[in-house]
Number of protein chains: 2
Amino acid sequence: MAYQNLTMFSKACEYGIKAIIYIASQSMLERRVKIGEVVEHIDSPEAFTAKIVGALVKENIVQSVTGPYGGFYIDKYQMGQITMIDIVTAIDGDSIFNGCGLGLKDCDAEQPCPMHSKFVKVRADLKSMLNSTSIFELAEGLKSGKSTLMR
Amino acid sequence: MAYQNLTMFSKACEYGIKAIIYIASQSMLERRVKIGEVVEHIDSPEAFTAKIVGALVKENIVQSVTGPYGGFYIDKYQMGQITMIDIVTAIDGDSIFNGCGLGLKDCDAEQPCPMHSKFVKVRADLKSMLNSTSIFELAEGLKSGKSTLMR
DNA sequence: TTTATTTAAGATAAATTTGTCTTAAATAAA
DNA sequence: TTTATTTAAGACAAATTTATCTTAAATAAA
């Protein structure tokens, strides 16, 4: 065994999160950014990332403008309201914090899988963390140099 | 978007965990079980599950006997020592609790990704939960009827 | 209006994970 | 020793995710 894709999120989600954080950091400076600039700063495949960001545009999390001088940006007034849970849910769905840890279709406190009670806290904590983490906050960390998207 | 495989673990890992719990519950009754019996009780594809359980045999987590009256079992004296972290690590590796949440190759407190500090607790809690959950405990829950593997 | 630039959308391809099938090896019983 | 049963191992196939490529649509400037 020994799989690749068993990080917390899918690649699509990782790219989406990183893209949003970069776009947000530039929106704070009133800059719209093209997809080429985004992927240069987050080290991700351009076409795939474009598709993911496009999905977030449809979800109204990101705004876009086509044509010359176009690009992506995040609405100033929206930025503080958007949290990680919106992005993860839009891309990966909610199964990571709502689904059964062992994949049972039906699993609840009444008829639990053997791991059910063990997962309750872990998942609630993950959900609450995603819920309370705003894009604004993450983008500020990046802009100020406290964090990085490239390593 | 909206992906399938974004539960906590891979399908391989889900099947492996369920198989181990069932095998353990029968080992408590001094019963060896054939793979056909295992998959009937955990609702998983037989050949795929056999391959995964086979990998756990190589890791010395499960014991096996070939031929008539053969099958799988878990050593009585080992059972209390085996925890979820052994199984998850054997199948999915450790990236879910050791890797960067945003997929950076290098990410630590010194040069963190924007989510780093947010993930620290969630991952530590997940790791400690897996570490402290023994197969014995899970198998007892199943055997006593408190939990189920089929729904 | 024409051209250049950029996102949008969808077809296609590659890689990985999930799943099946076939043959070999081991073992117990007849 | 032969046969039947079971796991072991590896080839093969299907499904899903990841990634690329091509064409369309939108928009700004010349």
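Note that these values count all heavy atoms, side chains included, but never hydrogens, waters or copies made by symmetry. All values derive from a computational prediction rather than experimental measurement. Letters A, B, ... are given to chains in the order of the sequence lines, protein chains preceding strands, and every chain is numbered from 1.
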message: Using OP1 and OP2 only, check whether a side-chain N or O of B:Y15 sits under 4.0 Å from C:dG19.
response: yes
message: Once side chain to side chain donor-acceptor pair (under 3.5 Å) is applied, do any residues pair with A:S44, and if so which ones, sequence neighbours excluded?
response: A:T49
task: Rounded to the nearest angstrom, tell me the gap between atom CG in A:D92 and atom C1' in D:dT17.
output: 11 Å
field: Distance in Å, B:Q81 CD paired with B:I61 CD1, rounded so as to fall on 0.5 Å steps
entry: 13.0 Å
- request: Grab the CD1-P distance between B:I91 and C:dT17 for me, whole Å please.
  value: 13 Å
- prompt: Can you check the B:E14 CD to C:dT17 P distance for me, whole Å?
  reply: 15 Å
query: Once you round it to whole Å, what is the distance between P of C:dT7 and CD of A:E46?
result: 8 Å
field: Candidates B:L56, B:I135, B:I42, B:V38 - the one meeting side chain to side chain contact (heavy atoms under 4.5 Å, CB included) with B:I23
entry: B:V38
task: Give the rounded distance in Å between these two atoms: CZ of B:F72 and C1' of C:dT27.
output: 14 Å
field: Along DNA chain C (nearest heavy atom to each residue), the more 5'-positioned of A:Y69 and A:K58
entry: A:Y69
- request: Whole angstrom is fine here: how far is it from CZ in A:R32 over to C1' in D:dT27?
  value: 10 Å
message: On the side chain of B:K51, is there an atom forming a donor-acceptor pair with the base of C:dT20 - under 3.5 Å, no angle test?
response: yes
query: Checking all strands, does B:V53 fall into the base, sugar-phosphate, or nothing category for heavy-atom contacts under 4.0 angstrom?
result: nothing
field: Secondary structure string for DNA chain C (Watson-Crick or G-U under 3.5 angstrom, | for other-strand pairs)
entry: ||||||||||||||||||||||||||||||
message: Side chains of B:D94 and B:T89 only: does a donor on one sit below 3.5 Å from an acceptor on the other?
response: no
field: Any residue meeting salt bridge (Lys or Arg N to Asp or Glu O under 4.0 Å) with B:E59, in chain and number order, not counting sequence neighbours
entry: none
Which pairs would a plain distance check flag for residues 112-127 of chain B, meaning a side-chain donor or acceptor within less than 3.5 Å of a matching protein atom at least two apart in sequence or in another chain?
from, atom 1, to, atom 2, distance (Å)
B:K118, NZ, A:E137, OE2, 2.7
B:K121, NZ, B:D125, OD2, 2.8
B:R123, NE, B:F97, O, 3.4
B:R123, NH1, B:G99, O, 2.2
B:K127, NZ, B:N98, OD1, 3.2

task: Report the distance from atom CD of B:Q63 to atom C1' of D:dT6, rounded to the nearest whole Å.
output: 17 Å
- prompt: Between A:I52 (CD1) and C:dA8 (P), how many Å, whole number?
  reply: 14 Å
message: Check the phosphate of D:dT6 against B:K34, side-chain N and O only, distance under 4.0 Å to OP1 or OP2. Yes or no?
response: yes
query: Does B:S64 have a side-chain nitrogen or oxygen under 4.0 Å from the phosphate oxygens OP1 or OP2 of D:dT6?
result: no
query: Taking only side-chain nitrogens and oxygens of A:T66, does any of them come within less than 4.0 Å of OP1 or OP2 of C:dA8?
result: no
task: Take A:A47 and A:P68, find for each the nucleotide of DNA chain D with the closest heavy atom, and name the residue whose nucleotide sits nearer the 5' end.
output: A:A47
task: Name all pairs fulfilling the salt bridge (Lys or Arg N to Asp or Glu O under 4.0 Å) condition that reach into residues 60-79 of chain A, sequence neighbours left out, sorted by first residue then second.
output: A:E30-A:K76
- request: Please figure out whether A:G67 or A:C13 has its closest DNA chain D nucleotide nearer the 5' end.
  value: A:C13
task: May I ask you to say what A:G71 touches in the nucleic acid, namely base, sugar-phosphate or nothing, with a heavy-atom cut-off under 4.0 Å?
output: sugar-phosphate
- line: The nucleotide from C:dT20, D:dA29, D:dT18 with an atom nearest the side chain of A:F48 is D:dT18
- prompt: side-chain contact (heavy atoms from CB on, under 4.5 Å) with B:E140: which residues, sequence neighbours excluded?
  reply: B:M28, B:F136
